[in-house]
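First the structure, which I've put down as structure tokens, then a few questions once you've had a look.
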Amino acid sequence: MAVFTDVTPAQAGALTERLGAGTLQRLQGIGAGIENSNFFVTTTQGDWVLTLFERLTAAQLPYYLQLMQHLAQRGLPVPAPRADADGQILHQLAGKPAALVNRLPGHHQLAPGLHHCAQLGSLLARMHLAVADFPLQQPNLRGRDWWPLIAPQVRPHLPPAQQQLLDDELAFQQQVAASPAFAALPQGAVHADLFCDNVLFDGLPGHEKLTGAFDFYFAGTDSFGYDLAVCLNDWCLNADDASLDEARAQALVQAYEVHRPLSAGEHRLLPALLRAAALRFWLSRLGDWHLPRPAALLQPKDPGHFERVLRARIAQPWHAVR
Ligand SMILES: Nc1ncnc2c1ncn2[C@@H]1O[C@H](COP(=O)(O)OP(=O)(O)O)[C@@H](O)[C@H]1O
Ligand SMILES: N[C@@H](CCOP(=O)(O)O)C(=O)O
């Protein structure tokens, strides 16, 4: 369960009072998640989520919190960090940097259909448009600069066939990154981890409406096409859990393009970006599997899943209809 640091009701209540968020009524640790300590908080004024940041530093956090604030202020359904009387949105609790955000309604849809994928595509494009005037920059901490750092740490744990795949893919991605088409990709602040378990829906089955997206703590400056690829690799898988379902993938991209048409370069590089997105999560899951944090009480996620996704994207390059 993802509570690495305990918080007492007295500590949480003092924070909600200080932020004018009401008097604490209930504090409950959240089991899901792998990065931070999360709590559902109910006060006399409503429902909130309290997060204590376990790995991100006070220097890195303003980017994520200000990005959420920026998107929420533009009407997008993302959690808005609660500010204190001085306008500060990053707080300190139990010795850790902390934030309090509004709790979004709804539930996860872990088996998304066409209409879920289309709504996700639409939200993603609106997020990409909304960051046009977001002033902060921060590297994607799980981006291309990180891959050569983590790869040699996990490589010795892999059998030869996986070592070969890793070496080949890193070389391929290096080649892609050196191309003028890659340099021309439109970029900005992207979520970079907008999986089904970071999005909520509400409503009757078949008619659900997307109610929110959260967990911006892997966000960073990267290409919009890469962000789209991360989503396609999670939201649009066939029953084999690796190949892309043509109908849902096209629905996601078409809904995206209603708001933000992809450039010719984005279309052309999508197959490579899908491979990049698979590589990124293969690497992070390999890291969690083979180099776990001592305090983590969690079952790490299966790295084999993203190895299979990567192999599938290499075997069957996927293009969106233009
Ligand atoms: N703003 C929010 N509104 C509603 N639920 C949330 C919100 N933030 C987090 N959650 C819930 O907490 C869980 C863990 O949050 P997450 O951000 O994924 O954790 P971690 O960053 O540790 O991976 C989510 O699966 C979701 O159920
Ligand atoms: N989505 C990533 C891991 C990030 O975990 P989260 O719980 O913070 O979304 C994966 O599936 O590997």
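Indexing begins at 1, ligand by ligand and atom by atom, following the structure's order.
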Ring centres of Y63 and F134 under 6.0 Å apart?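 They qualify: ring centres under 6.0 Å apart.
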Result block: side-chain N/O donor-acceptor pairs under 3.5 angstrom for residues 122-129, not counting sequence neighbours:
| unit_1 | atom_1 | unit_2 | atom_2 | d |
| --- | --- | --- | --- | --- |
| S122 | OG | R126 | NE | 3.2 |
| S122 | OG | R126 | NH2 | 3.4 |
| S122 | OG | H259 | NE2 | 3.0 |
| R126 | NE | S122 | O | 3.3 |
| H128 | ND1 | Y256 | OH | 2.6 |
| H128 | NE2 | D227 | OD2 | 2.7 |

Least distance between heavy atoms, W235 atom then C117 atom: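 Heavy-atom minimum between the residues: O-SG, 3.5 Å.
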L104, any N or O under 3.5 Å of ligand 1 N or O: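 N/O-N/O distance under 3.5 Å: yes.
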L104 versus T211, closest heavy-atom pair with distance: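 Closest pair (atom of L104, atom of T211, distance): CD2-O, 4.2 Å.
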I'd like to know if N102 contacts ligand 1, where contact means a heavy-atom distance under 4.0 Å to any ligand atom.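 Heavy atoms of N102 do come under 4.0 Å of ligand 1.
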I need the contact type for N198 against ligand 1. Using non-hydrogen atoms and a strict under-4.0 Å cut-off, is it side chain, backbone, both or neither?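 Answer for N198: side chain.
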With atoms numbered from 1 as shown, which atoms in ligand 1 lie under 4.0 angstrom from a non-hydrogen atom of I30?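 Atoms satisfying the 4.0 Å criterion: 12 (O), 13 (C).
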Under 3.5 Å between any N/O of Y217 and any N/O of ligand 1: does that happen in this structure?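 No, Y217 has no N/O under 3.5 Å of an N/O on ligand 1.
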When only distance counts, is R103 in polar contact with ligand 1, meaning an N/O pair under 3.5 Å?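 No, R103 has no N/O under 3.5 Å of an N/O on ligand 1.
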I'd like to know whether D222 forms a salt bridge (Lys or Arg N to Asp or Glu O under 4.0 Å) with R144, so could you lay out the CA-CA distance, the side-chain angles of the two residues, the decisive distance to 0.1 Å, and finally the verdict. CA-CA 10 Å; D222 212 318; R144 286 167 188 270; 5.6 Å; no
Pick one of side chain, backbone, both or neither for how V101 approaches ligand 1, counting any non-hydrogen atom pair under 4.0 Å.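 Side chain only.
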How about E246 and W318: does a side-chain donor come under 3.5 Å of a side-chain acceptor?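 Yes, a side-chain donor-acceptor pair sits under 3.5 Å.
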Using a 3.5 Å cut-off on N or O atoms only, is D193 in polar contact with ligand 2?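 Right, the criterion is met.
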I'd like to know whether R313 forms a side-chain hydrogen bond (donor to acceptor under 3.5 Å, both in side chains) with N233, so could you lay out the CA-CA distance, the side-chain angles of the two residues, the decisive distance to 0.1 Å, and finally the verdict. CA-CA 9 Å; R313 295 300 166 276; N233 276 346; 2.8 Å; yes
With heavy atoms of R285 as the reference, note each atom of ligand 2 found under 4.0 Å away.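 Atoms satisfying the 4.0 Å criterion: 10 (C), 11 (O), 12 (O).
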Under a 4.0 angstrom heavy-atom cut-off, which atoms of ligand 1 come close to P79?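 That gives atoms 1 (N) of ligand 1.
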At a 4.0 Å threshold, what atoms of ligand 2 neighbour a non-hydrogen atom of N198?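 So the atoms of ligand 2 that pass are 9 (O).
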Considering only heavy atoms, does V49 approach ligand 1 within less than 4.0 Å through its side chain, its backbone, both, or neither?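 Near ligand 1, V49 shows its side chain, while the N, CA, C and O stay back.
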CZ/R142 to CG/L149 distance, rounded to the nearest 0.5 angstrom?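 One finds 10.0 Å between CZ of R142 and CG of L149.
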Would a 4.5 Å heavy-atom cut-off, applied to side chains only, mark L279 and L166 as touching?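 Yes, side chains in contact.
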Would you please say whether a donor-acceptor pair under 3.5 Å links the side chains of E17 and T23?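 Result is yes, a qualifying pair exists.
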Are any of the heavy atoms in E54 under 4.0 Å away from ligand 1?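 Under 4.0 Å: no for E54.
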Contact partition for D215 relative to ligand 2, non-hydrogen atoms under 4.0 Å: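 The part of D215 near ligand 2 is the side chain, not the backbone.
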Non-hydrogen atom of F218 closer than 4.0 Å to ligand 2: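 Distance cut 4.0 Å: F218 passes for ligand 2.
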